[in-house]
Amino acid sequence: MRNRRWIAAIAVAWVTLGLLSAVPAPLAAAGPGLVVDRFQAAYRAGSVQGMLDLYAADATFEDVSQRHHFKGTEQLQAMLTGIVAVHLSLDLEETRRVVDGDTVVVEYAYKGQLNGAVLGASVGKEGCPDLTYTLPATSWFKVKKGRIVHQKDFIDWATFLDLREELLAAGTDVGSGAGS
């Protein structure tokens with residue numbers, strides 16, 4: 001009788017473990033690479049909230065090339081909202097990835113189409129066309145407990161400056177009526 005109880009207890013334990021393994025893992029159990037995958041999917045979708053949900057509340061974002069430094073949910077939300085607002089489409093094309101513990105390094109190209117009217121207004125120009133671009137970059141992500149705690153971007157500065165010049169050369173200065 002005692003053996004039957006032990007066998008029944010072991011069987012119940014195995015069934016319970018089997019059922020628990022079928023339940024999707026919570027975000028905290030996600031590996032760093034999966035967190036970055038989710039972040040990239042939210043970026044491609046233009047989902048500010050989706051990206052924010054993957055950052056820790058006190059996370060830091062740095063863009064080394066542009067000397068940007070944003071910390072915490074409020075600043076990250078403002079930055080991400082600004083990025084999404086100037087785009088008609090967002091994409092990433094990953095070329096290489098290294099995952100080492102809680103660090104994920106990704107080489108990719110930011111790809112997208114900038115909204116010429118929105119960007120033109122920000123620099124005082126009218127009639128700027130939409131601008132399709134590819135911008136090489138490398139990002140370092142530090143992930144702890146299923147959240148991005150630090151992201152450091154390195155963009156190709158020469159390509160960035162070329163895109164900036166293309167934007168500034170388009171359209172006309174507001175109020176001048178002359179081409180720039």
Side-chain angles (χ1 to χ4, degrees), residues 15-119 122 130-160 163-164 167:
V15 168
T16 302
L17 287 173
L19 290 175
L20 288 176
S21 67
V23 175
L27 187 59
L34 183 57
V35 172
V36 171
D37 289 343
R38 290 175 178 168
F39 179 81
Q40 290 177 338
Y43 179 88
R44 285 182 181 103
S47 173
V48 171
Q49 191 59 53
M51 290 182 275
L52 277 177
D53 287 346
L54 294 164
Y55 282 110
D58 62 345
T60 301
F61 172 89
E62 296 178 78
D63 182 324
V64 175
S65 304
Q66 297 182 79
R67 298 184 183 161
H68 292 163
H69 184 93
F70 302 97
K71 185 169 179 72
T73 302
E74 190 174 305
Q75 289 182 1
L76 290 169
Q77 183 174 19
M79 176 203 57
L80 295 170
T81 299
I83 289 170
V84 170
V86 298
H87 280 85
L88 297 171
S89 65
L90 294 160
D91 197 9
L92 298 167
E93 187 175 290
E94 188 172 318
T95 54
R96 185 180 350 210
R97 177 186 291 210
V98 175
V99 179
D100 184 13
D102 61 4
T103 301
V104 181
V105 180
V106 183
E107 289 182 20
Y108 57 96
Y110 280 122
K111 293 181 155 208
Q113 186 175 36
L114 296 167
N115 183 322
V118 171
L119 284 174
S122 72
D130 299 335
L131 179 64
T132 300
Y133 70 92
T134 299
L135 180 62
T138 301
S139 292
W140 287 66
F141 295 91
K142 179 73 85 177
V143 178
K144 300 237 186 227
K145 297 182 182 176
R147 299 276 187 248
I148 299 166
V149 296
H150 190 243
Q151 179 181 348
K152 186 180 287 192
D153 277 10
F154 300 85
I155 63 170
D156 181 323
W157 193 243
T159 302
F160 176 83
L163 290 168
R164 183 176 175 269
L167 171 70

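All values derive from a computational prediction rather than experimental measurement.
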W157 vs Q66, side-chain contact (heavy atoms from CB on, under 4.5 Å): CA-CA, chis, key distance, verdict: CA-CA 8 Å; W157 193 243; Q66 297 182 79; 3.3 Å; yes
Aromatic plane relationship, F70 with F61 - under 30° parallel, 30 to 60° tilted, over 60° perpendicular: tilted
Minimal non-hydrogen separation, G50 against A42, with atom names: C-CB, 3.6 Å
Y110 and Y108 aromatic ring geometry - parallel, tilted or perpendicular at 30°/60° bounds: perpendicular
Pairwise side-chain contact, V104 with V98, heavy-atom cut-off 4.5 Å (strictly under): no
Verdict with reasoning, V105 to T138, per side-chain contact (heavy atoms from CB on, under 4.5 Å): CA-CA 7 Å; V105 180; T138 301; 3.9 Å; yes
D130 side chain vs G116 backbone, donor-acceptor pair below 3.5 Å: yes
Pairwise side-chain contact, Q77 with V48, heavy-atom cut-off 4.5 Å (strictly under): yes
Any residue meeting salt bridge (Lys or Arg N to Asp or Glu O under 4.0 Å) with R97, in chain and number order, not counting sequence neighbours: D37, E94
Polar side-chain atom of N115 near backbone of V118 as donor-acceptor pair, under 3.5 Å: yes
Verdict with reasoning, L90 to R44, per side-chain contact (heavy atoms from CB on, under 4.5 Å): CA-CA 5 Å; L90 294 160; R44 285 182 181 103; 5.8 Å; no
Verdict with reasoning, I148 to V35, per side-chain contact (heavy atoms from CB on, under 4.5 Å): CA-CA 8 Å; I148 299 166; V35 172; 3.9 Å; yes
Nearest heavy atoms of L88 and L114, plus distance in Å: CD1-O, 4.1 Å
Exercise: do E62 and H150 side chains pair donor with acceptor under 3.5 Å: yes
Nearest non-hydrogen partners of D102 and P32, listed with the distance: CA-CG, 3.9 Å
Check: L54 and F141 side chains under 4.5 Å, non-hydrogen atoms: no
Over all atoms of both residues, closest heavy-atom pair of T73 and L52: O-CD2, 4.0 Å
Sidechain-backbone polar pair: K71 side chain, D58 backbone, donor-acceptor under 3.5 Å: yes
Inter-residue atom distance T60.OG1 - K142.NZ, 0.5 Å rounding: 12.5 Å
Shortest non-hydrogen separation from G33 to V99 and the atoms involved: CA-CG2, 4.4 Å
Separation between CG of D153 and OG of S65, rounded to the nearest 0.5 Å: 8.5 Å
Closest approach of H69 to Q75 (non-hydrogen atoms, all atoms of both residues): O-OE1, 4.1 Å
Side chain to side chain, S139 and K152, heavy atoms closer than 4.5 Å: no
Heavy atoms of other groups near Q49 CD, more than 12 under 6.0 Å: yes
Side chains of M51 and F39 in contact at under 4.5 Å (non-hydrogen atoms): yes
is_close_aromatic(H87, Y133), centroid dist under 6.0 Å: yes
Test item: V106 and V36 side chains (from C-beta on) under 4.5 Å apart, heavy atoms: yes
